[in-house]
Protein chains: 2
Amino acid sequence: MSTERRVSFLASVREGIEGFASRSPSRFAILVFASLIALFTALLAQPFASASGTPTNFADALFTAVSTICVAGLSTLDMATYWSPLGNALIFTGTQIGALGVLTLASILGTIISGRLGLRTRLIAASDTNPLRLHSGPVAEGQAIRLSEVGGLLATVALSLIIIETVIAALMLPSVLAAGYSLPDSLWYSFYYSAMAFTNTGFTPNIGGLSPFVTDYWFLTLIMIGVILGSVGFPVIYALSRNLRNPRRWSLHVKMTLFTWSILWVGGIVAYLLLEPSNSLVFTGMSPGELTYQATFLSTMARSGGFNIVDISQLDSSTLLFTDMLMFIGGGSASTAGGIKVTTFAVLILAALAEARGRQSIEAFQRRIPGDVLRLAVSVGLWGATTVAMGTLIISEFTDAPFEYVLFDVISGFATVGMSTGVAAELPDPGVYVLALVMFMGRVGTVTLAAALAANQVGQYFTRPEERPIVG
Amino acid sequence: MSTERRVSFLASVREGIEGFASRSPSRFAILVFASLIALFTALLAQPFASASGTPTNFADALFTAVSTICVAGLSTLDMATYWSPLGNALIFTGTQIGALGVLTLASILGTIISGRLGLRTRLIAASDTNPLRLHSGPVAEGQAIRLSEVGGLLATVALSLIIIETVIAALMLPSVLAAGYSLPDSLWYSFYYSAMAFTNTGFTPNIGGLSPFVTDYWFLTLIMIGVILGSVGFPVIYALSRNLRNPRRWSLHVKMTLFTWSILWVGGIVAYLLLEPSNSLVFTGMSPGELTYQATFLSTMARSGGFNIVDISQLDSSTLLFTDMLMFIGGGSASTAGGIKVTTFAVLILAALAEARGRQSIEAFQRRIPGDVLRLAVSVGLWGATTVAMGTLIISEFTDAPFEYVLFDVISGFATVGMSTGVAAELPDPGVYVLALVMFMGRVGTVTLAAALAANQVGQYFTRPEERPIVG
Ligand SMILES: [K+]
Ligand SMILES: [K+]
């Protein structure tokens with residue numbers, strides 16, 4: 001092949017990808033994630049990736065790859081000892097690629113959702129709370145996203161990720177050194193923990209996981225800050241970085257995300273304080289301050305950080321159920337957190353409140369949310385409920401574990417939280433495949449579904465007569 | 001007091017009630033149910049109501065009263081032996097009053113939901129698929145329901161109930177005689193079973209419950225027919241009785257109810273056949289025909305009949321979870337069944353499908369369903385999910401039973417199904433109160449909530465600027 005022909009071949013590949021990505025960005029996102037998972041499964045299955053130097057069986061390699069690329073943090077293996085240094089480096093890299101991918105793709109898909117624009121929204125979207133605005137001229141309309149814009153956005157996301165992770169890792173280093181690790185180990189562990197926090201993955205690199213740090217509130221608080229920054233979502237981080245002191249310029253999305261995220265966070269802390277102390281083997285004998293800190297940590301991690309310093313299977317079943325709810329709702333849109341997302345939940349609640357208050361329209365922060373956003377939220381909510389229900393139905397066929405444990409691990413997988421009651425680690429291969437699929441559907445499904453539906457609107461040239469069924 | 005003054009006093013009481021009922025029909029419905037429960041609690045607590053002739057403790061009397069008036073069928077006592085004949089007669093009467101009350105009130109409240117009328121809907125509402133049309137001139141607008149119309153509707157409902165229950169009881173009599181009971185017992189049991197089927201209560205009068213009839217497919221099929229007629233709802237029965245062979249005249253509500261009810265019914269049968277045989281201790285060794293019949297019976301009863309011929313606690317946890325879903329959805333609006341109702345579920349699914357197909361409006365059977373009906377459906381769905389979640393959280397504090405049993409009994413209570421894994425019967429008093437409250441919120445809440453919200457609409461004189469958050 002001559003150079004000229006090769007260039008034109010590459011150009012046409014590029015054009016093909018660009019065409020596919022802009023015609024069907026949701027399918028493109030699914031394809032990107034599936035390809036990454038296939039690649040990492042193949043790599044992790046190789047002998048060089050395991051500490052023992054033997055090939056890893058397919059189910060475990062696939063599960064780890066899905067858990068890594070989906071930044072879920074569930075595992076079927078002991079992550080601290082099973083992998084070789086190269087395997088660990090692969091996993092670290094996988095979480096970074098997974099996080100970059102989900103932040104970038106979800107930010108792009110999010111603009112499709114806010115892409116059915118009215119005039120006023122067009123002006124708001126063109127303001128600097130919209131990350132896509134940064135590197136290109138006018139805001140792309142609807143589906144028409146170009147790869148060049150994706151490149152620009154990817155650079156912005158990657159820069160944010162590197163800055164945040166490096167700062168947190170630097171602040172963590174003294175703690176890790178103080179825990180007695182060598183300087184090289186401490187550097188690696190600091191970066192690893194910082195990355196696992198910001199990407200909301202929750203893997204731990206050292207034997208014993210967080211146990212050397214259970215009383216190191218500086219370290220644990222840094223973990224929480226990383227998890228929180230990752231889970232509010234890139235559009236929020238971007239808006240805050242530009243307009244931290246000027247809340248008037250925040251978009252509705254930013255306000256709704258921060259408000260709902262905070263309510264659920266504080267509500268989670270209060271609920272854990274109410275539910276757990278009287279029942280659990282976990283929190284007995286703690287001082288009120290310690291108890292509040294533990295409740296805060298658990299409430300933060302339930303939103304999909306996935307680090308845990310308590311034995312989840314020791315928690316009371318009310319606490320597990322409450323955690324199920326927090327996990328299912330998850331974090332912000334276009335974030336490293338999973339779940340149906342706080343804005344989805346907020347739109348559903350706002351719809352119910354609008355009815356209760358007798359309003360004709362759904363409103364928040366002096367803005368009206370159009371009816372089709374409610375339909376998107378209903379779709380995402382049903383998608384989540386169906387995935388969790390089917391996953392639980394099928395996985396409970398493969399295990400004798402108590403039902404609340406199965407439900408917990410399935411929701412933890414769906415919402416890519418990664419806390420586990422121990423079910424995930426003991427599933428037979430078919431169960432491992434199902435749980436991997438649940439993670440994929442949770443991570444990639446929720447992110448692509450709303451955008452796919454929003455992009456899918458067709459004009460309608462006639463109106464049917466209206467009729468009301470009785471509901472309730 | 002002179003006769004004249006007494007008459008005017010009664011007239012003003014009547015006017016007061018009428019005023020309250022028409023100003024706030026939802027609150028009126030709640031008040032009616034609460035008063036009936038208070039009355040039946042007081043009566044059932046008396047010595048004459050129990051077989052032992054001793055007073056019944058308050059928690060059990062209240063729970064039985066709630067379960068009776070809400071036609072739920074859960075019990076904390078052995079219903080076949082605990083009550084005296086007079087107690088049994090009270091409970092029988094209670095279920096009839098409860099069923100009449102819920103059918104009538106929910107039919108009225110349903111017209112409020114379909115009361116925000118467009119011109120075409122007005123014409124449909126005025127057709128003879130609307131039971132309120134029968135006894136008064138033009139269809140009452142919105143909340144303006146008069147007691148005289150309620151009287152007429154109540155008479156129609158009562159007549160339907162008596163006809164259906166008598167026919168089924170008569171057909172049941174040979175079976176009950178064949179099981180070896182005396183003629184008076186058989187007459188009483190036939191009526192009792194027929195009534196418990198049509199009202200979807202599920203209490204059984206004889207020791208051993210359905211066990212003498214486990215192979216009597218005639219009897220079991222009659223039970224199923226009774227349960228199905230009760231659970232599709234009065235508006236459907238009424239429309240079918242008038243236009244059985246003319247489906248074109250059925251309202252959207254009737255079509256949606258029948259369609260969704262049937263899909264869930266058949267889906268339930270198929271799912272039980274797939275889920276249960278390989279796992280359960282219950283269905284092993286059955287012939288395919290017998291298995292299909294059992295699956296059909298279970299699928300029917302899960303929609304809130306509540307009779308069971310298998311030991312629920314022996315079912316596999318996947319089967320329990322699937323049954324949870326069927327129960328939560330429940331039966332038709334303005335029926336003796338509970339749950340969030342099939343039309344509520346259908347509207348949520350249709351909204352998701354409309355998005356998936358890229359349609360701007362929610363459509364079914366060539367009709368457009370307005371957006372506020374979706375908001376009502378979201379409200380009812382969230383009400384249900386919240387009630388079940390809170391009920392499960394609280395009740396699991398009072399019992400050591402496995403989580404799936406607690407969840408099952410709470411959903412069974414919320415959806416007034418009455419199947420039990422045994423948790424209800426073993427709760428301490430505080431847990432009994434909570435479960436009674438869950439039944440009340442499930443029965444009265446779902447019925448009144450949508451109507452209260454629909455009646456509550458206020459005009460809005462300005463429009464806020466539109467903005468779209470990202471969801472999913
Ligand atoms: K995670
Ligand atoms: K029942």
Side-chain angles (χ1 to χ4, degrees), chain A residues 110 113-114 118 120-121 124 252-253 256 317-318 321-322 325 333 341 343-344 347-348 351-352 354-356 358-360 363 366-368 370-371 373-380 382 389 392-393 396-397 402-404 446-447 449-450 453 456-458 460 464-472, chain B residues 110 113-114 118 120-121 124 252-253 256 317-318 321-322 325 333 341 343-344 347-348 351-352 354-356 358-360 363 366-368 370-371 373-380 382 389 392-393 396-397 402-404 446-447 449-450 453 456-458 460 464-472:
Chain A
I113 295 170
S114 46
R120 207 197 136 86
T121 327
I124 293 166
L252 176 61
H253 177 76
M256 278 178 67
S317 49
S318 326
L321 179 60
F322 186 79
M325 295 183 227
S333 296
K341 307 299 182 307
T343 40
T344 309
V347 168
L348 293 173
E355 276 299 316
R359 297 295 176 83
Q360 308 255 336
E363 291 172 5
Q366 274 85 50
R367 289 286 181 278
R368 188 163 49 82
V373 175
L374 174 60
R375 296 212 304 275
L376 287 175
V378 168
S379 306
V380 173
L382 284 178
T392 309
L393 270 180
S396 60
E397 302 281 315
F403 178 75
E404 68 261 47
T446 50
V447 166
L449 183 71
L453 297 181
N456 195 22
Q457 295 302 307
V458 293
Q460 223 160 338
R464 296 192 187 280
E466 190 174 290
E467 193 176 342
R468 297 164 175 277
I470 306 170
V471 297
Chain B
I113 295 169
S114 44
R120 206 197 139 85
T121 328
I124 293 166
L252 175 62
H253 177 75
M256 278 178 67
S317 50
S318 328
L321 179 61
F322 187 79
M325 295 182 226
S333 297
K341 307 297 181 306
T343 40
T344 308
V347 167
L348 293 174
E355 276 300 315
R359 299 296 176 83
Q360 307 255 337
E363 289 172 8
Q366 274 81 52
R367 290 284 181 280
R368 189 163 48 82
V373 174
L374 174 60
R375 294 213 305 275
L376 287 175
V378 168
S379 306
V380 173
L382 284 178
T392 308
L393 270 180
S396 61
E397 302 282 314
F403 178 74
E404 67 262 48
T446 50
V447 166
L449 183 71
L453 298 181
N456 194 22
Q457 297 302 304
V458 293
Q460 225 160 337
R464 297 192 186 279
E466 190 175 290
E467 193 176 342
R468 301 166 171 277
I470 307 171
V471 298

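Just so we're clear, the structure is a prediction, and the values are computed from it rather than from any experiment.
When each of A:Pro402, A:Ala389, A:Ser379 is checked for heavy-atom pairs under 4.5 Å with chain B, A:Ser379 comes out on top. For chain B, the option among A:Leu321, A:Thr392, A:Leu348 with the highest count of heavy-atom pairs below 4.5 Å is A:Leu321.
For A:Leu393, the parts lying under 4.5 angstrom from a heavy atom of chain B are both the backbone and the side chain.
Note that CG of A:Leu374 is 4.5 Å distant from CG of B:Leu374, once rounded to the nearest 0.5 Å.
Pairing each heavy atom of B:Arg375 with each of A:Ala351, the nearest pair is CD-O, 3.9 Å. What you find for B:Leu382 and A:Ala352 is that their closest heavy atoms are CD1-CB, 4.0 Å.
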